[in-house]
Amino acid sequence: MFKNKSTWSVIFSILGIILYIISYRIFDNPTFSEKMIIAIIICGSLVSMFLSIRYGIIGMKKKERGPFKYIGITIIFLFFVGIALSPIFMGLFGFREP
C-alpha cells in the first residue's frame, strides 16, 4: 500500500497515541476481564509507538524524501514529554476539576 517507511511511521505514531488514549477512556471501574482488555490495548499502543520509531529510523537511513520520517518520531517524543511534564503541572497548579 505505502512504499515509504516514513508514511508508516506517521500512521503507527497516530495509531499508538489513539490506542493509548482509548485504554484510559474505555472503562470507568474495570473488572478483571476488562483490565485484561486494557492491558492488551496498552501493549498494542506501545508496539505501535515502537514500530513508528523504527520505521522513522529506517526512513532516515534510506534517505527518503519528505518530512514524514521526522514527524512520526516527533509525535511520539512530544507525547512522552507531555506525560513526563504532567506531574510537574499538577504540582504547580493543583488537582483541579474541569
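Just so it is clear, the model here is predicted, and its values are computed rather than measured. Index from 1, following the sequence.
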- Find out if a path of hydrophobic residues (ILVMFWY) with successive side-chain heavy-atom gaps under 4.5 Å connects M36 to Y24. no
- Could you tell me whether the side chain of I73 reaches within less than 4.5 Å of the side chain of M60, counting heavy atoms only? yes
- Using 30° and 60° as the class limits, which term best fits the ring planes of Y55 and F12: parallel, tilted or perpendicular? parallel
- Message: I'd like to know if the side chain of E64 reaches the main chain of S6, judged simply by a donor and an acceptor atom lying under 3.5 Å from each other, with no hydrogens or angles considered.
- Response: yes
- dist I76:CD1 -> I71:CD1 (nearest 0.5 Å) comes out at 13.0 Å
- Calculate, to the nearest 0.5 Å, the distance between atoms CD1 and CD1 belonging to I22 and I38 respectively. 12.0 Å
- Note on the structure: Output for pair (R25 CZ, I18 CD1), nearest 0.5 Å, gives 13.0 Å
- Item | For the student: nearest non-hydrogen atoms of I42 and S23, plus distance | CG1-OG, 3.4 Å
- Query: What do you reckon, is CZ of F50 surrounded by more than 12 foreign heavy atoms closer than 6.0 Å?
  - Reply: no
- Task: State plainly whether one hydrophobic cluster holds both L15 and I40, where clusters connect Ile, Leu, Val, Met, Phe, Trp and Tyr through side-chain heavy atoms under 4.5 angstrom apart.
- Result: no
- Donor-acceptor under 3.5 Å (S52 side chain, S9 main chain): yes
- Report yes if some heavy atom in the side chain of I83 is under 4.5 Å from a heavy atom in the side chain of Y20; otherwise report no. yes
- Message: To the nearest 0.5 Å, what is the distance between CZ on F77 and CE on M49?
- Response: 14.0 Å
- Query: Considering all heavy atoms of both residues, which atom of G16 and which atom of S45 are nearest to each other, and what is their separation?
  - Reply: O-CB, 3.2 Å
- Message: Could you measure the distance from the CD1 atom of I26 to the CD1 atom of I41? Nearest 0.5 Å is fine.
- Response: 4.0 Å
- Task: Give, for atom OG of S13 and atom CH2 of W8, the distance between the pair rounded to the nearest 0.5 Å.
- Result: 12.5 Å
